[in-house]
Amino acid sequence: KFGVTKEYKATVEGIPGEEALNKLREGVRVDGRRTRPAEVSSPRVSRDGQTSLIVMTLKEGRKRQVRLMCEAVGHPVKALRRVRFGPLKLTGMQPSEVRRLGVVDHNRLRKLVDLPPLTSNKK
């Protein structure tokens, strides 16, 4: 809704070529609607050559969007992890681990979407 960027690391089947990567970068049809363009890195191929890692940055967040986009270009996702939400990086956190956001984190997110900052007394 607010266009906050989300960054994902996806391990996909095969090695996406330039055509597939360009389709992801331009947006693909998912559930009858075109996705917004995504930033997509060049693939890093696994040692066995069966999978590759791509980093995708999206400005929308439809349900299962990364999986559906990759499947639409012929490279189904084998593993997926969100590593960034706006300015918040998930470095060092384990899957399913949570942490409470402090006032500084809240204000960084609020600034992105043009909302006034919180004071330290509010949540």
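Remember, it's a predicted structure, so these values are computed and weren't measured experimentally.
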A.B. asks: I would like to know whether F85 and L109 meet side-chain contact (heavy atoms from CB on, under 4.5 Å); could you show each step before the answer?
C.D. replies: CA-CA 9 Å; F85 181 86; L109 290 170; 4.0 Å; yes

A.B. asks: Okay, side chain of R34, backbone of R29: is any donor-acceptor separation there less than 3.5 Å?
C.D. replies: no

A.B. asks: Considering non-hydrogen atoms only, spot the tightest contact between L24 and C70 and give its length.
C.D. replies: CD2-N, 4.3 Å

A.B. asks: Whether E19 and K23 form a salt bridge (side-chain N of Lys/Arg under 4.0 Å from carboxylate O of Asp/Glu) is what I want to check.
C.D. replies: yes

A.B. asks: Is it the case that over 12 heavy atoms from other parts of the model lie below 6.0 angstrom from the CZ atom of R62?
C.D. replies: yes

A.B. asks: Please determine whether side-chain contact (heavy atoms from CB on, under 4.5 Å) holds for the pair K6 and R82, giving the CA-CA distance in whole Å, both sets of side-chain angles, and the decisive distance to 0.1 Å.
C.D. replies: CA-CA 7 Å; K6 291 154 280 293; R82 183 167 55 198; 4.1 Å; yes

A.B. asks: Using every non-hydrogen atom in the two residues, find where S41 and L21 come nearest and quote the distance to one decimal.
C.D. replies: O-CD2, 4.0 Å

A.B. asks: Linking I/L/V/M/F/W/Y whenever their side-chain heavy atoms sit closer than 4.5 Å, directly or via other members, would M93 and L88 fall into one cluster?
C.D. replies: no

A.B. asks: To the nearest 0.5 Å, how far apart are OG1 in T57 and CZ in R25?
C.D. replies: 11.0 Å

A.B. asks: Would you tell me whether R84 and T5 have side-chain atoms, one donor and one acceptor, within less than 3.5 Å of each other?
C.D. replies: yes

A.B. asks: If we count only N and O atoms by modelled type, under 3.5 Å, do the side chains of Q65 and E60 hold a donor and an acceptor together?
C.D. replies: yes

A.B. asks: Considering non-hydrogen atoms only, spot the tightest contact between V66 and Y8 and give its length.
C.D. replies: CG2-CD1, 3.7 Å

A.B. asks: Could you check if a side-chain atom of I54 sits within less than 4.5 angstrom of a side-chain atom of S42, using non-hydrogen atoms only?
C.D. replies: no

A.B. asks: Quick check: do T11 and R81 have side-chain heavy atoms less than 4.5 Å from each other?
C.D. replies: no

A.B. asks: Can you check whether Q94's main-chain N or O pairs, donor with acceptor, with E97's side chain at less than 3.5 Å?
C.D. replies: yes

A.B. asks: I'd like to know if L112 and L58 are part of one continuous hydrophobic network [Ile/Leu/Val/Met/Phe/Trp/Tyr, side-chain heavy atoms within less than 4.5 Å].
C.D. replies: no

A.B. asks: Would you say that more than 12 heavy atoms from the other residues, nucleotides or ligands in this model lie under 6.0 Å from the CZ of R99, or not?
C.D. replies: yes

A.B. asks: Which pair of non-hydrogen atoms, one from P16 and one from S52, has the smallest distance, and what is that distance?
C.D. replies: CD-OG, 3.1 Å

A.B. asks: Are I15 and L80 connected in a single hydrophobic cluster, I mean Ile/Leu/Val/Met/Phe/Trp/Tyr linked by side-chain heavy atoms less than 4.5 Å apart?
C.D. replies: no

A.B. asks: In plain terms, say whether R64 and D31 are close enough for a salt bridge, that is, a side-chain N and a carboxylate O under 4.0 Å apart.
C.D. replies: no

A.B. asks: Testing the basics here: between H106 and L101, what is the closest heavy-atom pair and its distance to 0.1 Å?
C.D. replies: CD2-O, 3.6 Å

A.B. asks: Under a 3.5 Å threshold, yes or no: a donor from one side chain and an acceptor from the other, between S46 and T51?
C.D. replies: yes

A.B. asks: Taking L53 as the starting point, is it possible to reach V83 by hopping between hydrophobic residues whose side chains are less than 4.5 Å apart?
C.D. replies: no

A.B. asks: When you group the ILVMFWY residues by side-chain heavy-atom contacts below 4.5 Å and let the links chain together, are M56 and L90 in the same group?
C.D. replies: no

A.B. asks: Is the closest side-chain heavy-atom distance between R108 and P87 below 4.5 Å?
C.D. replies: yes

A.B. asks: Quick check: does any side chain N or O of N107 sit under 3.5 Å from a backbone N or O of P117, one acting as donor and the other as acceptor?
C.D. replies: no

A.B. asks: Is K78 salt-bridged to E13, going by a charged N under 4.0 Å from an acidic O?
C.D. replies: yes

A.B. asks: So, E39 and K59, do they make that salt bridge, N to O below 4.0 Å?
C.D. replies: no

